[in-house]
Chemist: 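Here it is, the structure in full.
Protein chains get the first letters and strands the later ones, always in sequence-line order, with residue 1 at the start of each. These numbers come from a predicted model, not from an experiment. Computed from heavy atoms alone, side chains included, the values below leave out hydrogens, waters and symmetry copies.
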Number of protein chains: 2
Amino acid sequence: MTKKITMAELARLADVDVSTVSRALNDSPLVKADTKAHVLKIAAETGYVVNASARNLRRQSAQAIGIVIPMAPGSGQTISDPFFLEMVGAVSHAASQKGYDLIVSVPQSETEIAERRLLLTGRADGLIVIGQAGRSERLNKLNTLKSNIVVWGGREGNPNYTLVGSDNKRGGRLASEHLLSLGRKRILFLGDIDLPEVALRYEGYKLAHEEAEVAFDDSLILRQNFGGETAFHALKDFLAAGHEFDAIFAASDVLAMAAIQAVQSASKRVPEDIAVVGYDNVGQASMSTPSLTTIDQHITQGGQMLVNLLLDKIDGKPVKSAFTKTELVVRRSSGA
Amino acid sequence: MTKKITMAELARLADVDVSTVSRALNDSPLVKADTKAHVLKIAAETGYVVNASARNLRRQSAQAIGIVIPMAPGSGQTISDPFFLEMVGAVSHAASQKGYDLIVSVPQSETEIAERRLLLTGRADGLIVIGQAGRSERLNKLNTLKSNIVVWGGREGNPNYTLVGSDNKRGGRLASEHLLSLGRKRILFLGDIDLPEVALRYEGYKLAHEEAEVAFDDSLILRQNFGGETAFHALKDFLAAGHEFDAIFAASDVLAMAAIQAVQSASKRVPEDIAVVGYDNVGQASMSTPSLTTIDQHITQGGQMLVNLLLDKIDGKPVKSAFTKTELVVRRSSGA
DNA sequence: TGTAAAAATACAATCGATTTCAGAGGATGC
DNA sequence: GCATCCTCTGAAATCGATTGTATTTTTACA
């Protein structure tokens with residue numbers, strides 16, 4: 001428990017002014033090489049580390065970005081949804097490579113405090129918001145206030161903030177095309193189309209039907225939020241009610257896994273009786289049994305893009321919204 | 001993009017001194033109620049938010065704690081391991097309830113930079129380290145340097161830092177007892193007993209055998225780190241090599257899920273031929289097919305404990321290591 | 001009403017760094 | 001040999017808040 005040593009103290013020890021120490025530590029060309037070495041040596045010996053608050057106060061930057069993961073009320077998602085968590089991992093990785101810390105905020109209530117706190121207090125230089133469900137207005141407002149925000153989500157309306165996301169429509173189309181190409185004719189869509197991202201996936205689903213000239217039945221939809229548990233029961237009831245379908249396209253892997261379980265508990269086989277395709281390609285998808293055919297959103301790449309665009313914004317560069325290319329990942333056991 | 005408004009500016013607008021503003025905002029009893037209201041009103045109107053760096057510099061605290069998730073080299077774990085991610089979620093939740101931000105650090109290399117950076121720069125008031133695999137020495141050292149550290153892990157040696165974890169031995173025993181009580185006689189242990197947590201689970205496994213007076217075969221162990229992919233192949237090979245066993249106790253749910261897949265791909269049935277019990281009870285465990293019998297470490301509770309103990313330490317209170325009570329969660333389809 | 005005590009506010013130091021500006025000393029050019 | 005320019009270092013201002021102390025205003029009581 002050595003006492004914190006300050007820069008002034010270090011300057012005294014090295015017998016130079018603090019300004020010289022500061023310059024030396026920041027490798028300024030203004031300092032003679034000898035002096036620099038001397039200071040660095042003493043700094044190392046004493047285990048000196050610069051005080052972040054002081055530096056940030058002076059520099060007016062935090063070397064940190066925030067990530068806000070809002071649990072949309074009633075979305076049924078929890079922080080343990082693997083999608084969120086993989087996103088946190090991806091963003092954390094990308095941020096640390098750029099020398100930025102990542103501050104995670106999981107607001108517990110539906111107030112705007114979290115975003116404000118991080119961004120406006122200067123605790124974070126910029127903000128990544130995961131998912132915009134129902135919050136686009138607020139985000140628009142916040143963005144005009146201080147514009148270092150990048151949002152993960154699907155395009156919806158005409159946001160004035162920068163958006164990063166996967167090509168949801170394409171994803172929905174790919175998934176549906178896959179099922180249709182296997183000869184499935186009645187594909188149940190499982191997901192909450194009130195969420196913009198999911199709505200786009202549903203559009204892709206319809207598009208695929210049109211292209212394949214397969215009539216689609218708009219009653220073949222089970223509007224379920226992202227909560228696996230409730231989806232499981234809802235689908236069980238749906239099956240028990242005697243609805244007929246030979247495939248399911250679920251709006252997330254969690255939903256897909258819940259669906260598989262529901263189907264099996266109704267004594268139907270996956271994929272023989274009912275094929276299932278998910279969305280996200282979370283890590284568990286390949287490891288679950290049966291392994292899951294799904295749409296890869298390229299979460300890692302998405303995290304990179306979020307961070308890169310945000311840092312560009314922080315640097316004042318102009319930035320355009322960007323989208324990852326979704327891709328079909330076929331794993332034979334569930335989807336075919 | 002309103003320009004940042006400072007406290008001095010606010011003081012000017014309210015026609016009082018900054019010290020009064022500061023006290024008003026901090027609800028100090030030294031300020032008259034009228035004045036307080038007046039200041040608060042103007043603060044609200046102008047959208048004033050206190051600058052975190054300045055406050056932290058002055059207060060010598062960061063109102064933030066760090067969480068370090070070290071990918072032990074060769075542990076095979078990735079940040080997307082659901083266990084880590086659920087832990088991050090739990091800690092984040094607990095921290096925000098206490099008004100603390102959470103800074104996530106996922107060091108990419110095996111240097112000690114990450115811990116030092118966060119803690120010694122004052123960016124975080126305390127540090128939570130997840131897993132101690134092979135790092136107990138370094139942690140001991142860091143702890144003597146600045147003691148606000150709480151580590152998640154199993155007891156190993158005689159650490160001078162505070163430890164929080166689940167009762168791994170008990171967990172191992174519960175899992176094994178369960179399998180033995182079902183009449184299984186040859187239980188494969190799947191996990192890397194070089195990791196202290198896993199070693200303790202293995203001890204519990206042996207203990208259960210002794211108590212049940214079932215001879216255990218110490219060749220019935222497949223030492224695999226936490227990587228699901230490699231475990232899958234290793235187990236496949238193990239099965240192909242003709243080893244006989246009727247159950248598996250996996251040191252994590254990810255391993256268990258990989259195991260189930262390996263078993264099935266070898267055309268054996270789970271649980272009829274081989275029952276499987278996992279460890280962690282991650283969210284996916286209930287949703288996977290077949291759903292997983294597992295040991296619940298009470299991650300959420302653990303996250304709470306980590307945060308609470310750390311904050312106690314920060315407050316200078318004496319703190320003792322603590323452990324959650326592990327519990328068996330039976331889900332019929334895999335484990336019985 | 002005058003004075004002592006209490007309440008409210010203002011002043012000023014401080015947290016630990018960065019950075020502008022000024023100055024000391026040495027090198028260079030003519 | 002002297003003026004000029006470079007290099008390097010130091011002094012001091014600054015970032016935006018908090019807080020101990022001083023000062024003013026208000027209240028209370030005789």
Chemist: For A:R123 versus A:A64, what's the shortest heavy-atom pair and its separation?
Modeler: O-CB, 3.8 Å

Chemist: Could you tell me the separation between the CZ atom of A:R12 and the P atom of D:dG10, rounded to a whole number of Å?
Modeler: 15 Å

Chemist: Tell me whether the side-chain N/O atoms of B:T35 come closer than 4.0 Å to OP1 or OP2 in C:dT9.
Modeler: yes

Chemist: Could you check whether any side-chain N or O of B:T46 sits under 3.5 Å from a backbone N or O of B:I42, counting only pairs where one atom can act as donor and the other as acceptor?
Modeler: yes

Chemist: Rounded to whole Å, how long is the line connecting atom NZ of A:K36 with atom C1' of D:dT9?
Modeler: 14 Å

Chemist: What string of B, S and - do you get for nucleotides 15-23 of chain C, 5' to 3', if B is base contact, S is sugar-phosphate-only contact and - is no contact with any protein heavy atom under 4.0 Å?
Modeler: BBBBBB---

Chemist: Would B:T162 and B:K320 count as a side-chain hydrogen bond (donor to acceptor under 3.5 Å, both in side chains) here? Give the steps.
Modeler: CA-CA 6 Å; B:T162 303; B:K320 283 207 298 277; over 6 Å; no

Chemist: Are side-chain N/O atoms of A:N26 and A:S28 paired as donor and acceptor at under 3.5 Å?
Modeler: no

Chemist: Please report the shortest heavy-atom distance between B:I149 and B:K313, naming the atom on each side.
Modeler: O-NZ, 3.3 Å

Chemist: Tabulate protein N/O versus nucleotide N/O from nucleotides 22-27 of chain D, keeping only pairs under 3.5 Å, one per line.
Modeler:
none

Chemist: B:A90 and B:G303: which non-hydrogen atoms are nearest, and at how many Å?
Modeler: CB-CA, 4.1 Å

Chemist: To the nearest 0.5 Å, what is the distance between CD1 (A:I130) and CG (A:L306)?
Modeler: 5.5 Å

Chemist: In this structure, which one of B:H298, B:Q297, B:E197 forms a side-chain hydrogen bond (donor to acceptor under 3.5 Å, both in side chains) with B:S166?
Modeler: B:Q297

Chemist: Between the opening five pairs and the closing five pairs of the helix from C:dT1-D:dA30 to C:dC30-D:dG1, how far apart are the helix axes, to 10°?
Modeler: 50°

Chemist: So which atom in B:L102 and which in B:V88 form the shortest heavy-atom distance, rounded to 0.1 Å?
Modeler: CD2-O, 4.1 Å

Chemist: For A:L163 versus A:S321, what's the shortest heavy-atom pair and its separation?
Modeler: N-OG, 2.8 Å

